[in-house]
Amino acid sequence: MSFVKKGHGSNDTQRYLCKECNKTFSSKTHSLLANSKLDAETWMTFAECMADSLSLRESAWRCGVSLYTSWFMRMRVCEVMRHCKQPARKGTFHVDDTLVRDSLSGNHEQAWFQMPRKAYRNGQDGAQSRRGRSKAHIVVECGINEYGDCFCEVIDRGAPGAGNLAMSLARNIPEGSTVISDGQPSYEFAAQGFKHIVINPKDPVTGNINMVNALHSRLKAFLRSFNGISTRRLQRYLDWFCYREQFKSSDMDRRELLFGHEVGGRYLLTRALTHLEISDLVVYWVRKAQECQ
C-alpha cells in the first residue's frame, strides 16, 4: 500500500492518504481510542481501574462516566486484551477443566429478551445445579506450562466433549508440546496430536498437575470478585484473567502497560454487535424454552 501525508485531524493527529483507495486515515484508525469521545486521560484512569480489578461503579466514579459507559469500556478493553496476549511457547502443559456456574445475568428489559427459565431469587434456588456435572455448569478448559503461559477457554456444558476439547488444545498449545492430564477419557482422543502423559491423581508416584490446579484456584478467586458473570460474557473475563497472568511478572507498571495496549489496541465488534453478542452455550436455554412451550 502506498500513502502520503495529508494534513492533520482536529486533535493535531497526522493524517495520511491512501493512493489506491483515496481514503484518509491516521495511526489511530480502527484503534480503541480512534472513535472514542473520551480523552486519553479518562482511558488512562480506566486502565488503572482494570489493573486493580475494581467494580464498574467504582470505575465509573473514578473516570467521571456513567455506569453503562464504564461497562462498555470494560468490554472494549477485554477485547483488546484478547488480541494483545502473546501465543504460548512450546513446553510441558498441565491441562484440566474446571466448572463455572451458568449465569443469565444482565439487562432483561429488552423487548426481544425472554427469560428461558425461572430466575434464581436466592442461592438455594440453584442448589441442584451445584451437584455434579449438570448442564447448568459451564466447562472452562485450562492449561499452563512451565514458563507460565496459560489459556482458559469456554468449551462446553456439563462435561467436555472430546471434539470441543481437541479443538481447544489445538488452538492454544503449540505443536511439539507435551500434554499432561489426569486420565479423563476425553483426553485420549483430544491429545492425540501431542505427546500425552496420563497421571493418576490418587498415586503421587505417577506425577501431578499442580500447575493447572493452582491456575484454577487463581481463576476462581478472580471470577468470584465480580459476583456473577453472564455466561455470554464469560470468555471476555477469561481473556482478562489470562492477560493478567501473562504480564504479571513484567518489569513495567501494569497500569502503564495496559494503557499502552489500549492506545495501540484493536477491536472487531461494534457497539451494536457487542450488545447482540451471544454464546453458543446460551442456545441451550433457548431450546429448553421452546421445548416447554
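All values below were derived from every heavy atom in this structure, side-chain atoms included, with hydrogens, water molecules and symmetry-related copies excluded.
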Is a side-chain donor-acceptor pair under 3.5 Å present for E153 with N172? yes
Can any side-chain N or O of D96 pair as donor or acceptor with the backbone N or O of N213 at less than 3.5 Å? no
Aromatic plane relationship, Y237 with F226 - under 30° parallel, 30 to 60° tilted, over 60° perpendicular: perpendicular
For this output row, return yes or no: ring centroids of Y243 and F247 closer than 6.0 angstrom. yes
Contact between L38 and V65 at the side-chain level, heavy atoms closer than 4.5 Å - yes or no? yes
Distance check, rounded to the nearest 0.5 Å: Q235 atom CD versus C78 atom SG? 10.5 Å
Determine, stepwise, if the pair K220 / T98 fulfils side-chain contact (heavy atoms from CB on, under 4.5 Å). CA-CA 9 Å; K220 291 296 183 67; T98 187; 3.2 Å; yes
Checking F72 now: which residues fulfil ring pair (Phe, Tyr, Trp, His ring centres under 6.0 Å) with it, not counting sequence neighbours? none
I need the minimum non-hydrogen distance between T92 and E146, along with the two atoms involved. N-OE1, 2.8 Å
Spacing of R89 atom CZ and D149 atom CG [to the nearest 0.5 Å]: 4.0 Å
Answer whether the closest heavy-atom distance between the side chains of E141 and L169 falls below 4.5 Å. yes
Would you sort out whether V154 and L238 count as a side-chain contact (heavy atoms from CB on, under 4.5 Å), showing the intermediate values? CA-CA 8 Å; V154 173; L238 297 179; 3.6 Å; yes
Could you pull out all donor-acceptor pairs under 3.5 Å where a side-chain atom in residues 173-181 meets a protein atom, sequence neighbours excluded?
residue	atom	partner	partner atom	Å
S177	OG	G91	N	3.3
S177	OG	P174	O	2.9
S181	OG	H196	NE2	2.7

Looking at every heavy atom in both E58 and L54, which two are closest together, and how far apart are they? CG-CD1, 3.8 Å
Is it the case that one hydrophobic cluster holds both V198 and I209, taking links as side-chain heavy atoms less than 4.5 Å apart, direct or via other members? no
Could you check if a side-chain atom of M81 sits within less than 4.5 angstrom of a side-chain atom of M50, using non-hydrogen atoms only? yes
Please determine, by modelled atom types, if D203 and T206 share a side-chain donor-acceptor pair under 3.5 angstrom. no
What I'd like to find out is whether the side chain of E48 reaches to under 4.5 Å of the side chain of R62, using heavy atoms alone. no
Check: Q246 and C150 side chains under 4.5 Å, non-hydrogen atoms: no
Can you name the nearest heavy-atom pair linking P160 to I155, along with the distance? CB-CD1, 3.8 Å
I'd like to know if W71 and F241 are part of one continuous hydrophobic network [Ile/Leu/Val/Met/Phe/Trp/Tyr, side-chain heavy atoms within less than 4.5 Å]. yes
Would you say the side chains of S66 and T69 form a donor-acceptor pair under 3.5 Å? yes
For the atom pair CZ (F151) and CD1 (I144), what is the distance rounded to the nearest 0.5 Å? 10.0 Å
Search all heavy atoms of L165 against all heavy atoms of A190 and return the closest pair with its distance. CG-CB, 3.7 Å
Test R157 against every option in N164, D102, T231 by the side-chain hydrogen bond (donor to acceptor under 3.5 Å, both in side chains) rule and name the one that passes. D102
Flag yes if L56 and L223 sit in one hydrophobic cluster, no otherwise; membership is Ile, Leu, Val, Met, Phe, Trp, Tyr, and two members link when side-chain heavy atoms are under 4.5 Å apart. yes
Listed by chain and number, what are the salt bridge (Lys or Arg N to Asp or Glu O under 4.0 Å) partners of R76, not counting sequence neighbours? none
Any chain of hydrophobic side-chain contacts (each under 4.5 Å) joining W61 to M44? no
Can you find a pair of side-chain heavy atoms, one from F93 and one from M211, that are under 4.5 Å apart? no
What pair of heavy atoms forms the shortest contact from E188 to Q192, and how long is it? O-CG, 3.3 Å
Straight-line distance of R218 CZ to C142 SG, nearest 0.5 Å: 10.5 Å
Check whether more than 12 heavy atoms from other residues, nucleotides or ligands sit under 6.0 Å from atom CZ of R57, and answer yes or no. no
With a 4.5 Å heavy-atom cut-off, do L99 and V139 have their side chains touching? yes
Should H137 and V100 count as side-chain neighbours, where that means a heavy-atom distance under 4.5 Å? no
Using modelled atom types and a 3.5 Å cut-off, is there a donor and acceptor pairing between side-chain atoms of D97 and backbone atoms of V140? no
How far apart are the closest heavy atoms of L215 and C152, and which atoms are they? CD2-SG, 4.3 Å
Do other residues, nucleotides or ligands put more than 12 heavy atoms under 6.0 Å from the OH atom of Y147? no
Hydrophobic clusters here meaning ILVMFWY residues chained together by side-chain heavy-atom distances under 4.5 Å, can you tell me if Y68 and I229 are in one? yes
Below 30° counts as parallel, above 60° as perpendicular, anything between as tilted: where do the rings of W240 and F222 land? perpendicular
Indicate the ring-plane relationship of W43 and F46, choosing parallel, tilted or perpendicular according to the 30° and 60° boundaries. perpendicular
